[in-house]
Amino acid sequence: MLHDRNSAAPPPPAEERSEPVPVGAFDARKLSKALSSKIVGQQAAVDAVVRAISIAHVGATDPTRPLANILLVGPTGVGKTELVRRVAAELRSGPDDLCRIDMNALAQEHYAASFSGAPPGYAGSKESFTLFDKNTVEGDPYTPGIVLFDEVEKADPTVLRALLQVLDNGELRLANGQQKISFRNSYVFLTSNLGSAAVAERRRSRVRQLTDRVRIDRPHHGHHLVQRALEKFFDPEFFNRIDETVILDEFDEQTAEQVTRLEIELITTRLARRGVDVDVDDSAVALLQRRGFDPVYGARGLRRTIRNVLADPVAAAVLNLRPVGTQPLALQARAVGDQIQVKKVP
């Protein structure tokens, strides 16, 4: 019952525009480029998000529902949550300017009350406490709200059923009956790791390894496993309220190299603010990718390796060469055997 999956044929390209985009106007191509620069190897997910924002921007959405309900599914560490944070950075004031609900914390039935507040007769019913930040959810006439339900499959089924009115009607009436929160000016994102265990098991199998070598059926069989897991877990009425379901791909070698360079850039940028210029050569990049790349763990595995293999010797060099002060320091990192050596640039 998965509808509008990323396996569908891509839409026809829009007519090219020769004149520049007016200042302040929405530019779908610019948004796509900005998201793709941070979320690598997931063009289908980027296209789905840009498509949803474009449809909402021209006013073609149902005014009685959220601007878009998008379900992002894929293995851990492939960029599901980060994509939503990048959308917030482009549409709002920053990557953390969104209402994020960690569904891990709602694993019991009674936590459904944390959405609409305690029912009458219970402590806190008059105050109508809720997990949602109303201002962030509702946005304003110029800025849409962004809501993220992270790892939605971890919540109790009763909690998921409490979401149905939000996804369908775009409103959440609080338990006291006097207040409500509108999601009709919000983009609602849901993320899930369903199917990741089956994909990881297949990835580790010898048959899969042989299949990958000849590049047969990659990554479509993984999508099929995720699709079956989704259809088994979610009720049909839940899927009927999702506008688009996107299955993100696990990383390949090319994507792993891009992610490695992005993570290294993040570290070097942080160090540059402290007056430390670190040049990481290609041999070090190749070593970090080889030691840290695991399709099962995605970018998080690479991040751990970069922290232990690169950041640690860089920190030791900085503390040794510049124990105090903030004078500029130039370092070079290169691979020597199975380790990274950091030296001062003369």
Side-chain angles (χ1 to χ4, degrees), residues 30-42 46 75-98 100 102 148 150 248 250-346:
K30 181 180 178 181
L31 175 61
S32 178
K33 184 177 180 180
L35 295 178
S36 298
S37 66
K38 299 295 184 181
I39 309 298
V40 297
Q42 306 294 351
V46 171
T76 180
V78 296
K80 301 183 296 296
T81 302
E82 186 62 22
L83 174 58
V84 182
R85 294 182 72 250
R86 289 299 111 197
V87 173
E90 295 297 325
L91 300 185
R92 296 181 61 87
S93 64
D96 296 318
D97 189 8
L98 75 164
R100 176 177 176 177
D102 187 355
L148 170 61
D150 211 4
L248 282 75
E250 54 189 339
F251 285 170
D252 55 20
E253 294 287 345
Q254 181 180 0
T255 304
E257 180 184 355
Q258 293 176 283
V259 173
T260 302
R261 294 186 180 276
L262 282 175
E263 292 295 330
I264 291 173
E265 182 182 352
L266 289 175
I267 289 183
T268 56
T269 300
R270 295 173 194 142
L271 291 169
R273 299 193 189 106
R274 302 290 188 93
V276 180
D277 181 19
V278 182
D279 176 31
V280 182
D281 70 6
D282 291 341
S283 66
V285 175
L287 173 63
L288 292 168
Q289 178 184 343
R290 176 170 56 83
R291 292 188 56 177
F293 173 53
D294 185 340
V296 174
Y297 298 109
R300 291 188 176 94
L302 282 168
R303 193 173 297 129
R304 284 192 296 270
T305 299
I306 291 172
R307 177 185 182 275
N308 296 329
V309 180
L310 176 62
D312 182 33
V314 168
V318 172
L319 293 174
N320 181 51
L321 297 171
R322 195 187 69 180
V324 294
T326 59
Q327 64 269 25
L329 179 63
L331 302 174
Q332 183 181 50
R334 62 187 182 89
V336 176
D338 203 36
Q339 300 294 328
I340 289 182
Q341 185 179 78
V342 180
K343 290 185 176 182
K344 182 179 180 180
V345 176

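Here Asp282 pairs with Arg261 under the side chain to side chain donor-acceptor pair (under 3.5 Å) rule; sequence neighbours left out. Listed by chain and residue number, nothing satisfies the side chain to side chain donor-acceptor pair (under 3.5 Å) test with Asp312 (two or more places apart in sequence, or in another chain). Residues satisfying the side chain to side chain contact (heavy atoms under 4.5 Å, CB included) criterion with Ser36, sequence neighbours excluded, are Ser32, Gln43, Val46. Not a single side chain to side chain contact (heavy atoms under 4.5 Å, CB included) links Ser37 to another residue, sequence neighbours left out. For Arg270, the side chain to side chain contact (heavy atoms under 4.5 Å, CB included) partners are Leu266, Ile267, Arg273, not counting sequence neighbours.
With values rounded to the nearest 0.5 angstrom, Arg322 atom CZ is found 10.5 Å from Lys344 atom NZ. Taken from CG in Leu262 to CZ in Arg303, the straight-line distance is 10.5 Å, to the nearest 0.5 Å. Interatomic distance, CG of Leu331 versus CG of Asp277, reported as 8.0 Å (0.5 Å rounding). Going from atom CG of Leu248 over to atom OG1 of Thr76 covers 11.5 Å, rounded to the nearest 0.5 Å. Of the inter-residue distances, the one linking Arg300 atom CZ with Glu263 atom CD reads 10.5 Å to the nearest 0.5 angstrom.
In this structure, the side chains of Gln339 and Leu287 stay at 4.5 Å or more apart for every pair of heavy atoms.
Note on residues 80-93: pairs passing salt bridge (Lys or Arg N to Asp or Glu O under 4.0 Å), not counting sequence neighbours, are Glu82-Arg85, Glu82-Arg86, Arg85-Asp96, Arg92-Asp97.
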**Study point:** Candidate pair Ile264 and Val285, rule side-chain contact (heavy atoms from CB on, under 4.5 Å), full reasoning
**Key:** CA-CA 8 Å; Ile264 291 173; Val285 175; 3.8 Å; yes

Point to revise | side-chain contact (heavy atoms from CB on, under 4.5 Å) between Ile340 and Val336, worked out | key: CA-CA 6 Å; Ile340 289 182; Val336 176; over 6 Å; no

Practice item. Mind running salt bridge (charged side-chain N to carboxylate O under 4.0 Å, His left out) on Asp279 and Lys343 for me, showing each step along the way? Key: CA-CA 10 Å; Asp279 176 31; Lys343 290 185 176 182; over 6 Å; no

Review point. Between Leu83 and Gln42, is a side-chain contact (heavy atoms from CB on, under 4.5 Å) present by the stated rule, with each step listed?
Key: CA-CA 9 Å; Leu83 174 58; Gln42 306 294 351; over 6 Å; no

Practice item. Walk me through it: do Val314 and Leu271 pass the test side-chain contact (heavy atoms from CB on, under 4.5 Å)? Key: CA-CA 10 Å; Val314 168; Leu271 291 169; 3.7 Å; yes

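Thr255 places no side-chain N or O within donor-acceptor distance of the main-chain N or O of Phe251, the cut-off being under 3.5 Å. Panel note: side chain Asn308, backbone Arg304; a donor-acceptor pair is recorded below 3.5 Å. Side chain of Gln289 to main chain of Leu302: no donor-acceptor pair is present (N/O by atom type, distance under 3.5 Å, no hydrogens or angles). Side-chain N or O atoms of Thr305 include one that pairs as donor or acceptor with a backbone N or O of Gly301 at under 3.5 Å.
A donor-acceptor pair shorter than 3.5 Å cannot be found between the side chains of Gln332 and Gln341. A donor and an acceptor atom, one from each side chain of Thr326 and Arg274, are nowhere located under 3.5 Å apart.
Counted within 6.0 Å of CD on Gln327, heavy atoms from surrounding residues, nucleotides or ligands total more than 12; the atom is thus considered enclosed.
In terms of heavy-atom proximity, Pro95 sits nearest to Ala88 at O-CB, 4.0 Å. The shortest non-hydrogen separation linking Glu250 to Pro75 is CB-CG, 4.2 Å. Shortest non-hydrogen contact noted between Asp281 and Ala335 is OD1-N, 4.2 Å.
Each of Leu288, Val280, Val259 was compared with Ile306 under the side chain to side chain contact (heavy atoms under 4.5 Å, CB included) criterion, and only Leu288 meets it.
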